[in-house]
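Below is one structure; the comments refer to it alone.
We use all heavy atoms of the structure for the numbers below, so side chains are in, but hydrogens, waters and symmetry mates are not. Within every chain, numbering begins at 1; the chains are lettered A, B, ... in the order of the sequence lines, protein sequences first and strands thereafter.
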Number of protein chains: 2
Amino acid sequence: MVRTVFEKSDAIALVAEVFRELGYEGASMSEITARTKLSKGSLYHFFPGGKEEMAAEIMANIDAWFVTEMFKPLEEEDPRAAIARMWEMTDSYFHSGRRVCLIGAFALDETRDHFSAAIRDYFRRWIEALAGALLRAGTPDTDAKMLAEEAVIGIQGALTLARALGDEAVFGRTLVRLKLRLETTLG
Amino acid sequence: MVRTVFEKSDAIALVAEVFRELGYEGASMSEITARTKLSKGSLYHFFPGGKEEMAAEIMANIDAWFVTEMFKPLEEEDPRAAIARMWEMTDSYFHSGRRVCLIGAFALDETRDHFSAAIRDYFRRWIEALAGALLRAGTPDTDAKMLAEEAVIGIQGALTLARALGDEAVFGRTLVRLKLRLETTLG
DNA sequence: ACTCCTATAAACCGATTGGTACTAAATAAA
DNA sequence: TTTATTTAGTACCAATCGGTTTATAGGAGT
């Protein structure tokens, strides 16, 4: 027997997409109900704390996904394989440049002040995990941190530019360029 | 005799800073009046079209500044000097990473749909102007466009990461890195 | 003095905001 | 089946939204 219940994780995914499209302030409760087809009753059942709790849970959800799928592999598995996996996951997660980074978007306006710790930790861990993998793969100690930072900067910038130009190809070729740059530093 | 009238350009500058801090949707009229100390009467006198007109005028104002201070010099003057000037202007305009790019922020959420042409043109012209200057300075034809795109991506990404980490130093060292990368391609 | 005209202030508008209360339906436990 | 308990739908709330209107203040030109 197949259970097809609608649970909180489903609500998180639906609401997350609305925040991604409209931003935190732009996502009004009525827009959220309209786009997710979830009634206010459902939303306030899952998120008694309202919008703020939705955003917090969504960010925790995103963070957990990145930790499992990218950061932990970078920290624990074969570094070259994990880095290769990171580029693939990054491309698929951001839908090849069509999907924005919710946490990056939150960082730009005053929304950041409500979630500053979560935002900071997300980016910090990404950079540290990648820098650690680069180190273990043979990148010189002086370069690893800077290269990891450069990669994360490039991903965020490419997402912005891809949307600004309405040209998703920007994202794909930026990932390729960053990938090659990291590879030149390992033997 | 010194004229100290308060004119529209002053209002544009004040309101622009509010949009930068809060985003388009986050900047409610009451927040704008509170932060700028301008009454609604004043604001609707300068901008009869309300918030949307404010944003449009602000973006036109930003665009005009970049055209005068960076794009035209890149297109018309000594390319190496213009590129050096671009890095200085970029650092000062974005307050060494403390100030976000309003047009980049608008590009991320649905605000983009209201100003898509202005957003696209701004980034497109920046990349084209820089690519042209690189070409004239001796960068190989195949690299110029990609390098210019990489530079703009890096600037946007660094602004995002600097705010996300609460560490403005990220911005400064990214500018240095990008500057050096461009220079290695010219003799 | 007297108009003009620009600029600011303040009261006010209907619509929409995030959030609550209450109810109905579905599900699980007994 | 009966009884709890969770989940979802609707109506409604005070507060705030973006925007309008009316009134007034202050020069500049005559």
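Here B:G41 lies in heavy-atom contact (under 4.0 Å) with a base. Contact annotation for A:A27: backbone-only contact, meaning every heavy-atom pair under 4.0 Å involves sugar-phosphate atoms and none involves a base.
Put simply, the residue from B:R173, B:R163, B:R98 that forms a salt bridge (charged side-chain N to carboxylate O under 4.0 Å, His left out) with B:E168 is B:R98.
We find that A:E149 and B:R177 are not joined by a salt bridge, their nearest charged nitrogen and carboxylate oxygen being 4.0 Å or further apart.
You'll find a donor-acceptor pair under 3.5 Å spanning the side chain of B:K40 and the base of D:dG19, going by distance alone.
For the pair A:E110/B:E21, no side-chain contact is recorded, criterion being any heavy-atom separation below 4.5 Å from C-beta on.
Taking atom NE2 on B:H45 and atom P on C:dC5, their separation rounds to 14 Å, with Å as the unit. As a whole-Å value, the separation of B:L38 CG from C:dA7 P is 12 Å. Straight-line distance from the CD atom of A:E7 to the P atom of C:dT27: 14 Å, rounded to whole Å. Atom pair B:F46:CZ and C:dT6:C1' shows a separation of 9 Å (rounding to whole Å applied).
Taking a 6.0 Å sphere around NZ of B:K8, one finds it holds more than 12 heavy atoms contributed by other residues, nucleotides or ligands.
Nearest-nucleotide positions on DNA chain C for A:S30 and A:P48 put A:S30 closer to the 5' end.
The side chain of A:S28 contributes no N or O atom lying less than 4.0 Å from OP1 or OP2 of C:dT16. Side-chain N/O atoms of A:S39 include none lying less than 4.0 angstrom from OP1 or OP2 on D:dA8.
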